[in-house]
There are 2 protein chains.
Amino acid sequence: MTRFEEIRSLPLFAGIGDEAFAALTRGAYVQNFPPAVDLINEGETADFLYIVASGSVELYAGWNGRETSVAFLRPYDTFILAATIKNAPYLMSARTMTKSRLIMIPSENVRSIFETDTEFARAIVSELAKCYRASVRNLKNEKLRTAVERLANYIVKHYRREGEDGHFDLPVEKRKLAARLGMTPENLSRAFSALKNHGVEVEGSRITIREPERLIAFAKPDPLIDKEETRESPRAPSGIA
Amino acid sequence: MTRFEEIRSLPLFAGIGDEAFAALTRGAYVQNFPPAVDLINEGETADFLYIVASGSVELYAGWNGRETSVAFLRPYDTFILAATIKNAPYLMSARTMTKSRLIMIPSENVRSIFETDTEFARAIVSELAKCYRASVRNLKNEKLRTAVERLANYIVKHYRREGEDGHFDLPVEKRKLAARLGMTPENLSRAFSALKNHGVEVEGSRITIREPERLIAFAKPDPLIDKEETRESPRAPSGIA
DNA sequence: GCCCCTGTTTGACAAATATCAAGCGCAAAA
DNA sequence: TTTTGCGCTTGATATTTGTCAAACAGGGGC
């Protein structure tokens, strides 16, 4: 029994042995953070692999005075895995969005247990592939869709996730959502207005989908862009012999 | 000695044993393709891992009648690694750009050798991390920069790669470059014009950088967006004790 | 050498998105 | 309750990017 019991059963660790898990968490931290705390900055080198145990974390990046959000993370997402593995500088910064509990595992441990534990190696690869594919989806979303279309698909995704009873609350400030969707807050405001014509109503952070069919007809969600992937790699295609 | 001698020394295979390499290439193909041949389509499932042995390949994706280029590959890039590992559908399509020779390794082999060969596992992870990071750079480039800025940085990158003697030839059609940089051909044309004010001259596919300092001052290249990464993961930070 | 095809450029215009400034509204602090 | 602050919205406008159509240019086949 360790401080890290809560992550022991995560897909990333479920398959590995007790000694390997102990070695992995040696020198690891569990730490609580208030909202809006900077965790890492792009350009720094990767000393830890992070796991979100509770709360939420924003990955973002900047250039030439501009800034954009790349991802919103929830339990039990990991971040900075690629930089950890390559022992390379972070490409993104991270900050807490809400009060959060994070688990920090020394990069060195990740690299060395990777060598000795095949199950862990497989889990790492699967997690990495998941992150990579998420990034490709993100890129397609950005390059192939307009701002209104991105918002429409964001709403469809949450509509499906949070029960399809026709409404949900935005989990983040609108300004952050705007950055995540690659637009300005003003433009997001107008995009919400535009979606009134497609059966969406907004009141503060409460989103009501009056006519799901119309919204979906407009958004044209595509599994190759919008589907959320699990970390677990299927050993065989499900459903097909 | 096998048909696959030419890839035996690639970083991806260099560290693995002869038997493992033989097992990996069992059932593999080397195949020549003319230009503009469709290789795979997004949504299909991954039967092979591809390696570009010669020529060049375009990764692209479409949605709702639109299409965009995601990457241009050269020897000895791999593609579709993440889908191979997760046994999941491709998120991108691929076609040859020029006459190309491709090596195709059955996904099943990749997955099974991954289990038994630690060196191969490490190489796979490193390759995957490289692709992931490239995708993040791609996304930052797209979200943080205007069309003209993306073009300027593209030129700076090639200026540095192809010898800094002040000129180089575009390796692809302008229409494809436009798609890669996330704009229309017409807009690319105008972006080239705009760069005349920053020391760049264009004549057909010949790019001449008259005033590199001015171009670079405008482009503001950033290693966290524009640097090209090697697949090899450093075992320790170089230069620092 | 000439023609045709295709890719590129240019121009005029429209749509999408950003910017700047002001006003609004709600919630926390006084 | 009132005030204040901050995030959000709205309006006016500028910039960026896309669309459509036409002109242009160069290379391959005849």
Side-chain angles (χ1 to χ4, degrees), chain A residues 34-36 58 62-69 97-98 141-155 169-198 200-207 218-219, chain B residues 34-36 58 62-69 95 97-99 141-155 169-198 200-207 218-219:
Chain A
E58 177 190 17
W63 176 76
N64 197 25
R66 297 166 212 167
E67 184 180 307
T68 192
S69 285
M97 294 199 289
T98 61
N141 192 40
E142 198 63 40
K143 286 185 82 172
L144 290 166
R145 289 173 171 162
T146 66
V148 182
E149 288 166 344
R150 292 194 294 276
L151 175 60
N153 279 287
Y154 177 89
I155 293 174
D169 281 301
L170 292 177
V172 292
E173 288 180 297
K174 284 183 181 171
R175 73 157 77 185
K176 276 199 191 302
L177 178 58
R180 176 73 243 279
L181 296 177
M183 64 186 99
T184 59
E186 295 95 325
N187 199 20
L188 175 64
S189 224
R190 287 168 181 131
F192 272 122
S193 306
L195 288 184
K196 279 178 192 149
N197 302 322
H198 301 282
V200 176
E201 231 168 68
V202 186
E203 195 181 327
S205 69
R206 184 130 196 102
I207 310 296
F218 171 76
Chain B
E58 176 189 16
W63 177 78
N64 196 27
R66 298 165 212 168
E67 183 180 309
T68 191
S69 284
R95 66 168 79 98
M97 295 199 290
T98 60
K99 190 164 161 308
N141 191 41
E142 198 63 37
K143 287 185 82 172
L144 291 167
R145 289 173 172 161
T146 66
V148 182
E149 287 166 345
R150 293 196 294 276
L151 175 60
N153 279 287
Y154 177 89
I155 293 174
D169 281 301
L170 291 177
V172 291
E173 289 180 297
K174 285 183 181 172
R175 73 155 81 181
K176 275 199 190 303
L177 179 58
R180 177 71 243 280
L181 296 177
M183 65 186 98
T184 59
E186 295 95 325
N187 199 17
L188 176 64
S189 226
R190 287 167 182 129
F192 272 122
S193 306
L195 288 184
K196 279 179 191 147
N197 302 322
H198 300 282
V200 176
E201 231 169 67
V202 187
E203 195 180 325
S205 68
R206 186 128 194 105
I207 310 296
F218 171 75

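In this text, all values refer to a predicted model and were calculated from it rather than measured experimentally. In what follows, every chain begins at residue 1, and chains take the letters A, B, ... in the order their sequences are listed.
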[atom1]/[X] to [atom2]/[Y] distance, rounded to the nearest 0.5 angstrom?
X: B:Arg175; Y: B:Thr184; atom1: CZ; atom2: OG1; answer: 12.5 Å
X: B:Glu173; Y: B:Glu58; atom1: CD; atom2: CD; answer: 9.5 Å
X: A:Lys174; Y: A:Leu181; atom1: NZ; atom2: CG; answer: 12.5 Å

Beyond-backbone contact of [X] with [Y], side-chain heavy atoms, under 4.5 angstrom:
X: A:Phe192; Y: A:Ile155; value: yes
X: A:Arg190; Y: A:Glu186; value: yes
X: B:Arg66; Y: A:Thr146; value: yes
X: B:Asn64; Y: A:Leu144; value: no

- Five pairs at each end of the helix from C:dG1-D:dC30 to C:dA30-D:dT1: take the axis at both ends and give me the angle between them to 10°. 30°
Could you state the atom-to-atom distance from [atom1] of [X] to [atom2] of [N] in whole Å?
X: B:Leu177; N: C:dT9; atom1: CG; atom2: P; answer: 11 Å
X: B:Glu142; N: D:dT16; atom1: CD; atom2: P; answer: 16 Å
X: B:Phe192; N: C:dT10; atom1: CZ; atom2: C1'; answer: 16 Å
X: B:Leu181; N: D:dT16; atom1: CG; atom2: P; answer: 17 Å
X: A:Glu203; N: D:dG7; atom1: CD; atom2: P; answer: 20 Å
X: A:Glu173; N: D:dC6; atom1: CD; atom2: P; answer: 12 Å
X: B:Arg175; N: C:dT9; atom1: CZ; atom2: C1'; answer: 14 Å
X: B:Leu188; N: C:dT9; atom1: CG; atom2: C1'; answer: 11 Å

- Item | Check: A:Pro185 main-chain N/O paired with A:Ser189 side-chain donor or acceptor under 3.5 Å | no
- Query: So does B:Lys176 get a side-chain nitrogen or oxygen closer than 4.0 Å to the phosphate oxygens (OP1/OP2) of C:dG7?
  - Reply: no
- Item | Base versus backbone protein contacts along nucleotides 15-25 of chain C [heavy-atom cut-off under 4.0 Å; B, S, -] | --SSBB-----
- Message: Which residues pass the side chain to side chain donor-acceptor pair (under 3.5 Å) test with B:Thr68, not counting sequence neighbours?
- Response: A:Lys143
